[in-house]
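Read through the structure below, which is laid out as structure tokens, and then see the notes.
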Amino acid sequence: MPAISASAPGKIILFGEHAVVYSQPAIAAPVLQVRAKAILTADPRGKPGSVSLQAPGIGLEAELQTLPQRHPLRAAVEATLRRLDVTHVPACNIRITSTIPVAAGLGSGAAVSVALARGISAFLGKPLPDEIVSAIAYEVEEIHHGTPSGIDNTVITCGMPVFFVRGEPIEQLRVPEPFTYVIGDSGVRSPTAIAVGDVRQRWEADRLGYERIFGAIGEIARSARAAIEQGKPQELGGLMAANHAYLQQIGVSSAQLDGLVVAALNAGAQGAKLCGGGLGGNMIALAPAGGGAKIAQALQDAGATRTIITEVKQRST
Ligand code: PMV
């Protein structure tokens, strides 16, 4: 049997992180420059049913059954087998690699789950539809951060820019005028669960105030959708500034992220904001035509450990 390989991209949230957990709309897009990949090979000499996993990026080499039940890789494999109604797997090796930084707001966990679900189902000759692949990734996210909105698994599975509202059908964004973002990594790893948990605590203490902020962020996402779909991405700058200010207010920015935002604006970015869970991880800056490289350099000079220049466009699988 030839090796089967499947992959999934990273993602950025352009508008609406955190508020999306409380049912406000958000906008996200895939980042094709970084990917998670699963390669499956049959092991004709292996014990029937034995699945060996290798994930060199996190120093993991183990039999599936020896991992804790809630380990994300084990959870993703088992959720996939359950959906396929398969109880017996031919002995195989699964190698997982990823160029998506972990705990950085770029969706690495969801991308690994999507690559695994796609790879395993293809390996067993029963490729799963996107809807189920996305549901598997959601299940795994739930184990680790309790109340995921579902935006990560959705955008990573469908591989196109989306306008997302929790629990509602996916809406693909029309992008008549592609636009460019520079992603800057603060170098600080920050698990989403911590930021989401902190926000939940503060929301519980001041529901009215937080609902008002989330509502305002939702309005920003709606205005951003209109600007994108009308082919006026240059109008997104002000909306990004307003969104970042609200994220600061709910306590998920950091000195490093704020420093990178200022550096990007000083280098000519039309707008900049943190991206994803916050407290660390990445920020994004909207670049004018041809201005991406200068902003990337400024971000590196200001301490970004990595920069990626990416384009948001209509369809990008
Ligand atoms: O995985 P991250 O760090 O990009 O964060 C996901 C976005 C949040 O809104 C903070 C959480 C969620 O479930 O939507």
Side-chain angles (χ1 to χ4, degrees), residues 8-31 34 36 72 76 98 100-114 134-135 137-158 161-168 170 181 183-203 210-211 213-218 220-221 224 240 243-244 246-254 256-257 273-284 306 308 310 312:
K11 69 100 226 302
I12 44 175
I13 297 182
L14 309 188
F15 294 94
E17 51 274 270
H18 288 289
V20 69
V21 175
Y22 300 81
S23 300
Q24 294 294 333
I27 294 177
V31 178
V34 286
S98 176
I100 309 172
V102 176
L106 297 185
S108 77
V112 167
S113 297
V114 168
S134 182
Y138 183 79
E139 248 183 71
V140 179
E141 296 266 288
E142 251 181 327
I143 298 177
H144 292 278
H145 86 82
T147 55
S149 64
I151 192 168
D152 279 21
N153 51 288
T154 299
V155 66
I156 285 167
T157 305
C158 73
V162 294
F163 182 81
F164 177 88
V165 182
R166 185 173 196 164
E168 292 187 9
I170 308 167
Y181 275 109
I183 305 170
D185 194 335
S186 68
V188 178
R189 300 285 75 110
S190 167
T192 306
I194 292 179
V196 170
D198 286 359
V199 171
R200 181 159 298 271
Q201 266 184 7
R202 290 195 280 268
W203 167 77
Y210 271 68
E211 295 291 346
I213 294 174
F214 294 148
I217 294 176
I220 290 172
M240 292 175 75
N243 196 161
H244 185 69
Y246 282 124
L247 290 165
Q248 286 174 317
Q249 231 174 302
I250 65 170
V252 294
S253 195
S254 68
Q256 287 96 333
L257 287 167
K273 63 179 269 296
L274 75 85
C275 167
L279 298 178
N282 282 271
M283 49 70 70
I284 52 174
R306 178 180 180 172
I308 299 170
T310 190
V312 177

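Whatever order the structure lists ligands and atoms in, that order sets their numbers, starting from 1.
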TODO: With sequence neighbours excluded, tell me which residues meet side-chain hydrogen bond (donor to acceptor under 3.5 Å, both in side chains) with Glu211.
DONE: Trp203
Open item on the list: So which atom in Met240 and which in Lys273 form the shortest heavy-atom distance, rounded to 0.1 Å?
Closed with: O-CB, 3.7 Å
TODO: For the pair His18 (side chain) and Gly277 (backbone), establish whether a donor and an acceptor sit closer than 3.5 Å, ignoring hydrogens and angles.
DONE: yes
Could you pull out all donor-acceptor pairs under 3.5 Å where a side-chain atom in residues 100-114 meets a protein atom, sequence neighbours excluded?
| residue | atom | partner | partner atom | Å |
| --- | --- | --- | --- | --- |
| Ser113 | OG | Gly109 | O | 3.3 |

Task: Partner residues of Ser254 under the side-chain hydrogen bond (donor to acceptor under 3.5 Å, both in side chains) criterion, sequence neighbours left out - done: none
TODO: Please confirm whether the backbone N or O of Pro148 pairs with a side-chain atom of Tyr138, one donor and one acceptor, at under 3.5 Å?
DONE: yes
Task: Per-ligand residue contacts, ligand 1, heavy-atom threshold under 4.0 Å - done: Lys11, Ile13, Glu17, His18, Val20, Val21, Gly105, His145, Pro148, Ser149, Ile151, Asp152, Thr192, Val196, Gly276, Gly277
